[in-house]
Protein chains: 2
Amino acid sequence: MISSIAELISDRIGTMPAGERRAAQTLIASYPLIGLKTVAEFSAAAGVSSPTILRFVARLGFQNYPEFQSALQDELAAQLQSPASRTLNPPSPNGGAVSPMLEATLDNLRETFRHLSDKQLADIVAKLADRRGKTFLIGGRFTDPLARYMAAHLAIIQPNVFHLAGQESVWRDRLIDMGKRDVLVIFDIRRYQESLVRFAETAHQRGVQIVLFTDQWLSPIARFARHVIAGRTAVPSAWDSSAALFVVAETLIGAVTRQLEADGAKRIRELESLR
Amino acid sequence: MISSIAELISDRIGTMPAGERRAAQTLIASYPLIGLKTVAEFSAAAGVSSPTILRFVARLGFQNYPEFQSALQDELAAQLQSPASRTLNPPSPNGGAVSPMLEATLDNLRETFRHLSDKQLADIVAKLADRRGKTFLIGGRFTDPLARYMAAHLAIIQPNVFHLAGQESVWRDRLIDMGKRDVLVIFDIRRYQESLVRFAETAHQRGVQIVLFTDQWLSPIARFARHVIAGRTAVPSAWDSSAALFVVAETLIGAVTRQLEADGAKRIRELESLR
DNA sequence: GGAGCGCTGTACCGTATGTTACGTATTTTG
DNA sequence: CAAAATACGTAACATACGGTACAGCGCTCC
């Protein structure tokens with residue numbers, strides 16, 4: 001059963017030629033607004049010619065462009081009159097195989113944040129925003145990209161942020177640079193990596209404060225960590241999900257940025273003037 | 001402070017002559033749909049003549065009717081992109097400072113998947129699981145970690161998966177290895193990187209099928225992409241969020257794994273025996 | 001490698017749309 | 001009550017919008 005035009009599109013997008021598919025994608029991307037504008041604007045936004053737009057709506061089964069627009073408007077009207085249906089519609093409009101994954105991830109996010117106190121986050125933010133020391137980030141086989149992601153952001157808003165990459169021997173040598181005032185952010189989920197544990201232990205002995213991102217079963221590194229963030233990872237997949245940790249990381253990035261702005265950090269002002 | 005057109009109307013409706021007041025009331029009654037239709041339809045619905053409608057919108061301060069319609073559309077866009085859920089949702093169990101970020105991310109995830117059909121995902125999965133060609137992954141400044149994350153998983157379950165890292169000149173040279181049967185997965189969100197666009201264009205010319213992860217405003221690479229995944233990125237932070245794209249990536253990883261298992265790929269069986 | 005097909009864009013056309021001028025009706029004011 | 005000002009609709013107009021014919025191009029399939 002196809003009720004909305006969006007569904008109709010995604011149903012037929014596979015059978016469309018390249019140009020019309022671009023039209024379909026731009027419409028879906030900012031649905032349904034582009035469709036309410038003129039053919040010329042639509043075509044410009046999609047980067048195709050106007051006839052392609054018209055052929056596109058024709059393929060969807062509409063006699064002409066105005067009829068297509070009317071349909072979009074009717075849909076909008078229905079949506080606006082019952083705003084609840086829009087966000088609540090739990091019988092996922094997308095009854096297929098993907099939604100279990102989405103549902104599980106949404107649950108994981110909520111659960112992860114439920115066990116996360118504001119105080120805990122505030123402490124970590126304060127530590128990360130305190131620029132008397134250096135910040136090192138590292139991750140395991142699958143989580144190292146998370147460390148990179150966080151490092152990419154933090155390195156912009158403050159100096160002395162380093163992502164530890166490459167061979168184990170390489171980052172072991174960086175231990176020399178680490179001391180009491182420094183922070184080490186580690187991402188480690190099952191199966192926990194022995195090399196990371198060793199690294200964390202040594203760093204801990206040197207007085208480095210460790211912020212650990214791990215799963216709900218806690219990596220052994222938790223023993224040495226000053227702050228532990230335990231994210232839910234279970235999803236209906238062969239792999240564990242790092243999405244919850246990813247979102248916590250983004251939250252921290254945002255909070256640290258805000259904190260530094262509040263501190264009136266010169267660097268932030270300079271950055272803004274560069275944009 | 002008057003923000004919406006509806007407020008503007010109710011503010012001035014007192015000073016309007018009879019005919020225009022009828023127009024105003026008709027518009028408010030089924031706001032804003034009538035305003036998106038033609039002047040003729042609007043006037044008919046209000047029971048007045050077309051010039052009255054035009055005088056009405058002129059009194060609101062608009063130069064002409066199209067300008068008025070654009071304003072209505074912009075308002076709708078803003079309304080649709082920040083779903084009402086934010087106001088309707090149960091006042092988050094965790095009333096603290098982090099929850100806006102979490103709420104926005106949850107919304108982004110739902111919205112992103114709402115615009116994503118099973119068919120579309122299935123097509124991409126089929127392409128990624130089709131092992132007659134190679135798979136290349138690359139990302140932008142902030143999204144390259146996502147490419148790495150995906151590559152780390154895909155490289156385990158199948159051969160010929162390559163993450164393109166380092167200098168632009170390095171991956172440009174890899175173009176030589178790419179052909180019609182190959183897939184290029186690109187992550188690119190605002191601000192879109194010129195170097196990536198050039199790279200995508202050249203790859204496209206070589207017949208490489210491109211799977212693009214981008215934001216809702218679509219990277220210019222969408223022009224060359226066979227498949228486009230548009231994720232929502234807006235969060236209350238100085239940075240855009242890649243969480244939605246991350247979850248889509250995880251979903252794809254899981255689906256590809258399942259697909260290969262279903263295909264009875266020898267590699268998967270070998271992997272299992274190794275564990 | 002060649003022939004056929006299908007897709008796409010350019011250029012042009014008819015028309016529906018927004019706009020304006022003007023005459024009539026209605027209300028307001030001295 | 002008269003006269004003027006304001007409001008409204010009819011009708012004519014110009015623009016820009018949607019629609020179409022056609023030619024070029026790339027792709028696929030012999």
Side-chain angles (χ1 to χ4, degrees), chain A residues 9 12-27 32-73, chain B residues 12-27 32-73 127 132-133 179-182 201-210 220 222-226:
Chain A
I9 292 171
R12 304 200 185 169
I13 197 170
T15 72
M16 291 182 188
E20 300 179 29
R21 193 160 45 224
R22 265 187 253 159
Q25 280 157 351
T26 36
L27 176 57
L33 258 167
I34 287 287
L36 297 178
K37 300 193 182 285
T38 67
V39 174
E41 286 176 288
F42 192 168
S43 66
V48 297
S49 67
S50 352
T52 301
I53 299 297
L54 296 173
R55 282 188 286 261
F56 163 66
V57 304
R59 191 181 299 264
L60 291 178
F62 297 99
Q63 292 303 315
N64 48 32
Y65 195 72
E67 183 181 304
F68 163 71
Q69 287 189 316
S70 294
L72 282 179
Q73 289 177 359
Chain B
R12 302 198 186 170
I13 198 172
T15 72
M16 292 180 187
E20 299 179 29
R21 195 173 314 141
R22 290 186 64 181
Q25 280 160 351
T26 325
L27 176 57
L33 256 171
I34 288 288
L36 297 178
K37 299 192 183 285
T38 67
V39 174
E41 285 176 287
F42 192 169
S43 66
V48 297
S49 66
S50 348
T52 301
I53 300 297
L54 295 174
R55 281 188 285 262
F56 163 67
V57 304
R59 191 181 299 265
L60 292 178
F62 297 99
Q63 292 300 317
N64 48 32
Y65 195 70
E67 183 181 303
F68 163 72
Q69 288 189 316
S70 294
L72 282 179
Q73 288 179 359
K127 193 71 212 163
R132 284 174 299 190
K180 290 190 205 306
R181 342 196 79 165
D182 302 329
E201 182 168 13
T202 316
H204 172 67
Q205 282 163 3
R206 294 185 60 90
V208 180
Q209 296 212 9
I210 295 178
R223 293 178 52 88
F224 317 117
R226 185 81 175 73

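For clarity, every value in this text was computed on a predicted model and none was experimentally measured. Reminder, nothing fancy here: chain letters follow the sequence lines and each chain counts from 1.
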Quiz item: Within the structure, does a side-chain N or O atom of A:Thr52 lie under 4.0 Å from either OP1 or OP2 of C:dC7?
Solution: no
Value in whole Å for how far the [atom2] atom of [N] lies from [atom1] of [X]:
X        : N      : atom1 : atom2 : answer
B:Met16  : C:dT27 : CE    : P     : 20 Å
B:Gln63  : C:dG18 : CD    : P     : 17 Å
A:Asn64  : C:dT15 : CG    : P     : 15 Å
A:Leu36  : D:dG18 : CG    : P     : 12 Å
B:Glu20  : D:dG9  : CD    : P     : 10 Å
A:Lys37  : D:dG18 : NZ    : C1'   : 17 Å
B:His204 : D:dG26 : NE2   : P     : 11 Å
B:Arg55  : C:dG18 : CZ    : P     : 15 Å

Self-check item: Residue B:Tyr65, side-chain atoms from C-beta onward, closest of C:dG18, C:dT10, D:dC8
Solution: C:dG18
Quiz item: How is B:Pro17 classified with respect to the nucleic acid when contacts are heavy atoms under 4.0 Å: base, sugar-phosphate, or nothing?
Solution: sugar-phosphate
Quiz prompt | Side-chain (B:Gln69) to main-chain (B:Leu36) donor-acceptor, under 3.5 angstrom | solution =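 Judged by distance alone, yes, a pair lies under 3.5 Å.
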Exercise. Working to the nearest 0.5 Å, report the span between CD of A:Gln73 and NZ of B:Lys37.
Key: 4.0 Å
Quiz item: How far apart are the closest heavy atoms of B:His204 and B:Phe224, and which atoms are they?
Solution: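 Smallest interatomic distance, heavy atoms only, reads ND1-O, 3.3 Å.
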Practice problem: Determine the interplanar angle of the B:Phe68 and B:Phe42 rings, folded into 0 to 90°, and report it as parallel if under 30°, tilted if 30 to 60°, perpendicular if over 60°. | Solution: parallel
